[in-house]
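FYI, side chains are in, hydrogens and waters are out, and symmetry mates aren't considered; it's all heavy atoms of this structure. In what follows, chains carry the letters A, B, and so on, assigned in the order in which the sequence lines appear, proteins first and then strands, with residues in each chain numbered from 1.
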Amino acid sequence: MSAVAEPKTEKNYLNVDYSIKSWLTTLDHKRIGILYLVAITIFFMVGGFMALLIRTELATPQGDLLSSDQYNRAFTMHGVVLIFFFLLPSTPAVLGNFLLPIMIGARDVAFPKLNLASWYAFMIGGTLGVISLVLGGIDTGWTFYAPYSSNFSNTPVVWAIAGAFVAGFGNIATAVNFIVTIHKMRAPGLTWFRLPLFVWAQYATAVIGVLGTPVIAITIFLVAFERLTGMGIFDPARGGDPILMQHLFWFYSHPAVYIMILPAMGVTSEMIAAASQKRVFGYEFVAFSSLAIAIIGFLVWGHHLFVSGQSVFAGLVFSVLTFIVAIPSAIKTFNWVATMYKGNLQMNTPMFWAVAFLGLFLIGGLTGLFLSSLATDIHLHDTYFVVAHFHYIMVGGAIIGFIGGLHFWWPKITGRMYPESWGKAGAIMVFTGFSLTFLPQFVLGQLGMPRRYHTYPEEFQILHVLSTGGAYLLGFAMTTIIVYLAWSAKYGKPAPPNPWKAKGLEWETPSPPPTENFTYKVVVTEPAYNYHKDSGGHH
Amino acid sequence: MMLAQFLPEQASEFAPQIDFLYLLLVALTAFFTLGIKAVIIYFIVKYRQGKKADRSNPQHHHTKLELTWTILPTLMLVPIFWWNAELFINMYEPLDVSKARNSLEIYVVGKQWMWHLQHPTGQRENNELHIPVGRPIKLTMIAQDVLHSFYVPAFRVKKDVVPGRYTTQWFVPTKVGKYHLFCAEYCGTKHSEMGGYVYVMEPEDYEKWLEDARWGMGNFRSAETMEAAGKRLFTELKCVDCHGEKATQRVPLDGIYGTERLLSDGRRVVADDEYLRRSILDPGAMKVAGHEPIMPPYAGRVLEQEILELITYIKSLSAKPEPVGKPAAEASEARGTE
Amino acid sequence: MHGHISSPATFIKTFIILLILMAVTVLVATKDLGWLNTPIAMAIAICKTAFVVLFFMGLKYSSRLSQVWAGVGLLFFIILIGLTIPDYLTRHDLPGWSE
Amino acid sequence: MSTETQEHDPLLAHQFEDVEQQTDSYVLGMWVFLVTEVLFFGGMILAFILYRNMYFPAFAEAHQKLDWRLGGVNTIVLLTSSFTMAMAVWASQKRDYGKQLMFLTITVLCALAFLVIKYFEYSAKFEHHLVPGTNFHFDGQNQNGVQLFFGLYFALTGLHGFHVLVGVLVIGVLMFRVWKLRKQEQDYVPTELVGLYWHFVDIVWIFLYPMLYLLGGVHI
């Protein structure tokens, strides 16, 4: 431990009790956030390992490292683990849990026991997922498309489905909790339009979780039911329609992409405002575009079905709706950039991550237009272009936003600073490694390389080798980040309450915060991001 | 030349049109990405902490600006949608009926893990497709087990091949050559090996290939056209007992293809390939009003390619007599008032 | 607003109405009204639901927020159905080919 | 800490400022949870609508295999339980715990009656080989459609039955709590929440009954 004199008398949520039991039975939202962080880090490493296996295999056109069955299991488990057990809970469950109550001046979420139950549901789901992995892994693709998943695959599909199903209820519970918390637990004076944009993003995310998750739960439940009983709800051999399964699946799974990206957008708003020392430009537009994304996001799922046998008319409708959902994202981007105008930019680590987010999210979002355009989608559908596109959103957007947020609030969470130069190096390495991995994949897709291929024609090899090289750099960067963050949690410099001179209730309480979050009664008297009027704070 | 390396060969009428849209979007993406990144870098340089810059009157909102960057991108998307929609419709439901009529119809059956293709004249191929250049090609496709997807990058065409249902796509090859054929929808263990090549040939070469393929495959059935094979199956499967010309209480199939049928539950359905297929496999679900429900379901008793042959035969029954439209419409009318 | 206590009389009336509607829906089902059977049965089910939600569940007297959320549930159920069914209705519509 | 300066209400959890906030939060939370339930059943109802349209003759035929009388009795049973549940909430608000326990007992008995009737219906289906899967057997043209109908029938009623079972357990726990604390002043909110859940279970059945039992027409 560092010898720097910390007032030993100051109790915070970390030092109230050190026992394992106190952690596993905690009702403190901050500790539950940490529990999630530990759990999803493990899943992240499992999923990341799968990614490296896949990329290593693809360095050569022949299937020499893995057999085709092993390869199929590797990419399926990569998707299942990272989506259901890492990305969906990442920012909402870790940063949301830790920060949301503090940001609205509450002592805790509305239902602390339910909050802990969510974590256990997540862990049970994760364990079931791990069991499916130990039993050999499943090979259906993370999309569980019927009838392959229901009648053809010879792998432990039901275990993985049970895992996603149970973890899904953890997500629903967290979402219900956040919605009620945001509606009912705000401190006096904290009106909706004084809320930090991170809270708006969390609210929009929770709305999606509540409305979408049950639909995928019932869908994969029916797939498992079909597998177990032999009834044919999605099996054409027994009269079912496999495309109905896709409709139901994407009714949730497309909005689920917004579950991943919206909180990252919220994080970015916070980081850019703090680094620019300015109020976010067009606050209302950014806030409402979160809600707009959440709601319109539910109307666009059919763009995953343009070439699947959905009717042409439905394709036209979903294409129009998909173009519409692009607009709120564009509004957000323009407003973030405008926030920097006339700012006082601190080029610290969080800002490095925010800029990386902007750069990659832009490409991710704009390449979405290629896929919402009906004709270009025909060619690009199910190729590496799609793989690159959604990795730009999920890694370039969601994960980079998450890691950026982790750096931004690390001092608050652990009470220690991470090493600044390592933080910047991490951001640069991730950006470079990521771009090297996925830019070539856009080209591969346009050249016609289909996804989920274990072997491929030789002419694609150069681009695949570039991509594999990038993946190793990305893997190295991620490992470095995990190591220095873990190191700094114990040995970093003690953090002041507000290292970024940022606005927001979380920066007014000590780092790390006390169990009850605030030692005084919170009353809010000023708008969010009030950087220009130096009023006396919130006392 | 540079461009050529980032685009696959253009070998169908769609290819240049789709590439145009693709490049338009690339230009749009490049413009916004580079433009916004340039602005970000400019701001970082100019407003970096500690640097002297004019930071007076920082603005927090500007409604006109917000509306501009909301409405302008929206307007930009309208023509993009329009062009795409037109191409998309032409690919799956061609508006140009004359082209569709004169098309060469190829039947595709996808199964784990191979493509089975059949020409109307009976020639069969596995994982290879030979087609003449310049002639519209219509693919009628179905899968025997799980989802597949028929993808030829050089033509820029792709459509999922679904079990239990026909899907179609349509294109005109424009360039002689050998092109990749892929399965684009994940279908299990050997998904990545489920593919082969499409050979686009000069029409005369194609004719020659057809001749060779007819006798060269060592399979006597290749000598049979699909129609003839369908006719043979029609007898073998005892369809003739009720639908044949000599059947007592005959339920005729002549002239029904393409007509509207009134079902016993009050729905009206056009008797297309899909309808015929379902009527064979699950007659109960497609029962025509006024008919006895006595036909046994053929599900599990015929292969997908046999169904295609039967359908070709039934179609041929409709192709022969008078102009198709009129009497057929009257016939369905008559049934409706029954 | 919350804290509102409905009288047992309201519940009894609601209960009786529900039983009557239940009888009506069975009676309608015994008659063959062609395509009308389904919409009538569903309309009655929606009526019954409305009575249960408004009075038994007290949504009529609940906070505006609960009312909005109940509406959101209904709305998204309609979106799910309303955007899927058109696909099925237009699937066989293949003008170029069916000629 | 601010909580300790306030008078401490034993019914108030530490994270809330006052009882009103707590009550509002719980009720809102329950409504939001019920919204997820709507969509949970909604996915299957969508499947039912689509397949009913695709296989109408088969579905009409399969309807006839269900006994609309048993379904009707079950509807009345559930409506009654919903009514007594509403009365239980009323009694709880009036702090009349004796009446509340009585109403809850009737509710639980109705729920159990529902499950018993459902059990008889299910076993009849097993006897007649109408359960989808390898043992399924149906004479006639419409095997596929009928099997789909019964697949959806079992999935829908099974999930609904599961909700009834959960309801029985939850009401049981609630009754135990009310009985144990009958001498003290109690918060009526738990009863109200259980009530909301129970009414939702009733609503699902209100739709399932006509969908599954009546829409093919019935003969008295």
If you look at every heavy atom in A:S311 and C:P86, which pair is closest and at what distance?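 Smallest interatomic distance, heavy atoms only, reads OG-O, 4.4 Å.
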Between A:F318 and C:L83, which heavy-atom pair has the shortest distance, and what is it?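 Closest heavy-atom pair between A:F318 and C:L83: CZ-O, 3.7 Å.
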Which atoms of [X] come close to chain C, meaning under 4.5 Å heavy atom to heavy atom: side chain ones, backbone ones, both, or neither?
X      : answer
A:V317 : side chain
A:L305 : neither
A:F251 : side chain

CZ on C:F76 to CD1 on A:I208, rounded to 0.5 Å: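 CZ of C:F76 is found 9.0 Å from CD1 of A:I208.
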Nearest 0.5 Å, please: how far is OG in C:S63 from NZ in A:K184?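 A:K184 NZ to C:S63 OG: 5.5 Å, rounded to 0.5 Å.
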Can you check whether C:L89 reaches A:F313 side chain to side chain, under 4.5 Å on heavy atoms?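 The answer is no; the side chains never approach within 4.5 Å.
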Is there a side-chain contact between A:V215 and C:F77, using heavy atoms and a 4.5 Å cut-off?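 A:V215 does not reach C:F77 side chain to side chain.
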Set out, in order, the CA-CA distance, both residues' side-chain angles and the distance that settles side chain to side chain contact (heavy atoms under 4.5 Å, CB included) for A:L299 and C:I79, then state yes or no. CA-CA 7 Å; A:L299 310 176; C:I79 289 176; 3.5 Å; yes
Atom pairs and distances, side-chain donor-acceptor, residues 237-250 of chain A, under 3.5 Å, sequence neighbours left out:
unit_1 : atom_1 : unit_2 : atom_2 : d
A:R238 : NE     : A:G230 : O      : 3.1
A:R238 : NH1    : A:G230 : O      : 3.4
A:R238 : NH1    : A:D235 : OD2    : 2.9
A:D241 : OD1    : A:I243 : N      : 3.1
A:D241 : OD2    : C:Y88  : OH     : 2.6
A:H247 : ND1    : A:W301 : NE1    : 3.0
A:H247 : NE2    : C:D87  : OD2    : 2.6
A:W250 : NE1    : A:Y145 : OH     : 2.7

Quick check on C:L80 against chain A: is it the side chain, the backbone, both or neither that has a heavy atom closer than 4.5 Å?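 Both backbone and side chain.
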Can you list the steps and then say if C:L75 with A:F298 is a side chain to side chain contact (heavy atoms under 4.5 Å, CB included)? CA-CA 11 Å; C:L75 175 71; A:F298 270 100; over 6 Å; no
